[in-house]
Student: 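Take a look at this one; I'll ask things after.
Excluded from the calculations below are hydrogen atoms, water molecules and symmetry mates; all remaining heavy atoms, backbone and side chain alike, are included. Both ligands and their constituent atoms are indexed starting at 1 by order of listing.
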Amino acid sequence: MSKLWAGRTEAETAQLADDFNSSISFDSRMAKQDITGSMAHAAMLGAKGIITQDEADTLIDGLHTILDDLTSGALHIDPAAEDIHMFVEQVLTQRLGDVGKKLHTARSRNDQVALDFRMYLRDEIDELTALTKTLTSVVCDKAEEYKAAIMPGYTHLQRAQPITFGHQLMAYAMMLLRDLGRLSDCRRRLNVSPIGCCALAGTTYDTDRELEAEKLGFDGICLNSIDGVSDRDFAAELCAALSIEMMHLSRFAEELILWSSWEFQFIELPDAYTTGSSIMPQKKNPDMAELVRGKTGRVYGDLMGILTVLKGLPLAYNKDMQEDKEGVFDACDTAKMCLEDAPRHEGEDRQNAQGRLRGFH
Ligand code: ARG
């Protein structure tokens with residue numbers, strides 16, 4: 001099939017090249033953001049008279065139907081499409097005819113992908129923030145519950161001075177509060193709209209970038225169009241914030257592992273979040289805490305990945321930038337999984353914990 005971008009090329013690309021070039025297997029995650037962004041774009045084109053109001057309404061209705069059909073399962077993502085942007089435009093044009101092609105007026109996939117990625121990560125930050133808040137309040141509740149439970153405080157992993165379990169737990173609450181601050185800083189810097197930067201140099205169409213940004217919940221627009229399409233700081237910054245947060249979860253996990261060992265015997269982890277051994281019946285292994293500690297390495301790897309993809313790139317867009325997504329998606333998925341798991345660790349059997357902690361009164 002001839003490509004939407006076929007201009008100076010005549011021969012078909014090789015199948016191997018098509019497969020290598022394709023990002024649909026991972027960027028279809030951004031389908032909702034792609035379609036929402038396109039609705040705002042069509043509305044702006046209509047409002048500015050670049051296309052007629054009728055055409056804008058037709059495009060918006062068509063996009064609504066595509067979103068509904070994807071949600072209901074009536075429409076399946078075509079794995080042979082090059083990317084999610086091409087797929088949506090292809091379906092729209094198949095359904096609406098030539099008017100579908102007008103959607104791409106005054107934009108390029110370069111500003112479109114930057115827009116989708118920012119919107120997707122903005123939603124992720126909101127979820128990560130909610131999960132971090134839940135964990136913080138679970139930790140605070142536990143600290144309140146054990147505010148009088150005396151335990152040894154450590155330096156050099158040697159018993160140092162008596163502290164309370166509540167005091168120790170609140171140290172983790174402080175880390176999580178800083179993590180929340182980092183997520184919110186990252187969201188603030190991320191929340192400017194690149195749409196309208198087009199390929200790199202803007203457009204001669206009389207667009208309204210502010211209107212489009214406002215419709216999509218952005219606080220403003222990227223002021224330099226070359227930067228707008230080549231900036232992925234927000235993705236690197238989110239990975240950095242998540243790496244630090246994972247480092248906190250990992251230190252917490254390490255303490256849970258130590259405290260639940262036979263040597264410490266400070267806490268007992270709940271059966272539902274430990275594993276046993278058929279040959280060593282005395283075992284209660286803290287697998288979930290160990291996995292939180294282990295998965296921290298993945299997120300650090302994701303941070304190194306995005307920084308390395310970006311480090312040698314000349315301005316503006318380069319296809320290398322298609323490699324910006326999978327690692328960042330993985331960092332978000334991993335951190336969310338660990339944040340969901342961590343409060344359950346904290347929800348240890350109260351009787352057990354009190355029994356154990358009483359030993360230090
Ligand atoms: N799939 C591409 C990506 O994720 C979209 C942008 C393509 N732009 C281009 N000029 N080929 O980066």
Side-chain angles (χ1 to χ4, degrees), residues 1-9 11-38 41 63 66 70 77-93 101 103-124 190 193-203 216 222 224-236 238-239 302 305-333:
M1 199 199 349
S2 128
K3 301 286 190 307
L4 290 174
W5 44 251
R8 60 169 285 188
T9 51
E12 294 281 307
T13 45
Q15 186 59 47
L16 194 61
D18 283 349
D19 295 345
F20 192 57
N21 208 23
S22 170
S23 55
I24 190 96
S25 62
F26 52 88
D27 65 18
S28 54
R29 276 183 186 235
M30 307 192 301
K32 191 181 96 201
Q33 288 77 13
D34 192 75
I35 295 170
T36 317
S38 288
H41 192 66
L63 288 162
I66 293 178
L70 280 175
I77 304 267
D78 175 6
E82 184 176 319
D83 58 27
I84 188 61
H85 328 293
M86 292 291 204
F87 171 74
V88 173
E89 195 183 321
Q90 266 158 14
V91 176
L92 193 69
T93 308
K101 296 183 186 164
L103 175 64
H104 211 52
T105 313
R107 77 173 182 187
S108 142
R109 269 189 300 158
N110 296 353
D111 55 346
Q112 191 179 352
V113 71
L115 177 80
D116 294 1
F117 199 22
R118 281 179 192 257
M119 286 170 60
Y120 182 88
L121 292 185
R122 187 173 65 181
D123 291 345
E124 291 291 289
L190 168 152
S193 166
I195 199 75
C197 295
C198 299
L200 80 165
T203 174
L216 296 171
C222 300
N224 180 299
S225 66
I226 300 170
D227 180 49
V229 289
S230 47
D231 171 24
R232 295 292 184 273
D233 290 5
F234 57 90
L238 179 55
C239 283
D302 295 329
I306 178 88
L307 289 174
T308 311
V309 164
L310 295 172
K311 74 179 269 291
L313 295 186
L315 300 179
Y317 178 84
N318 301 268
K319 192 70 178 219
D320 314 44
M321 291 167 81
Q322 184 165 284
E323 289 295 311
D324 60 0
K325 289 171 212 63
E326 281 168 292
V328 183
F329 292 162
D330 179 71
C332 293
D333 292 347

Student: K325 heavy atoms, cut-off 4.0 Å: which ligand 1 atoms fall inside?
Tutor: 3 (C), 4 (O), 12 (O)
Student: Heavy-atom count check: over 12 atoms from other residues, nucleotides or ligands less than 6.0 Å from E323 CD?
Tutor: no
Student: Could you find the nearest protein heavy atom to atom 3 (C) of ligand 1 and give me its residue, atom name and distance?
Tutor: Y317 OH, 3.3 Å
Student: In terms of residue, atom name and distance, what is the protein heavy atom nearest to atom 11 (N) of ligand 1?
Tutor: R109 NH2, 3.6 Å
Student: Mark up the atoms of ligand 1 that fall under 4.0 Å of a heavy atom belonging to D83, in ascending order.
Tutor: 1 (N), 2 (C), 5 (C)
Student: Identify which one of K32, Q33, H85 satisfies the side chain to side chain donor-acceptor pair (under 3.5 Å) criterion when paired with D116.
Tutor: H85
Student: My understanding is that only one of M321, R122, K325 makes a side chain to side chain contact (heavy atoms under 4.5 Å, CB included) with F117; could you say which?
Tutor: K325
Student: Write out the residue and atom name of the closest protein heavy atom to atom 8 (N) of ligand 1, then the distance separating them to 0.1 Å.
Tutor: N110 OD1, 2.9 Å
Student: With heavy-atom distances below 4.0 Å as the criterion, list the atoms of ligand 1 near S23.
Tutor: 1 (N)
Student: Measuring from atom CG of L70 to atom CD1 of I84, what distance do you get when rounded to the nearest 0.5 angstrom?
Tutor: 7.0 Å
Student: Give the numbers and elements of all ligand 1 atoms closer than 4.0 Å to a heavy atom of Q322.
Tutor: 1 (N), 2 (C), 3 (C), 4 (O), 12 (O)
Student: Of D333, D330, D83, D123, which meets salt bridge (charged side-chain N to carboxylate O under 4.0 Å, His left out) against R29?
Tutor: D333
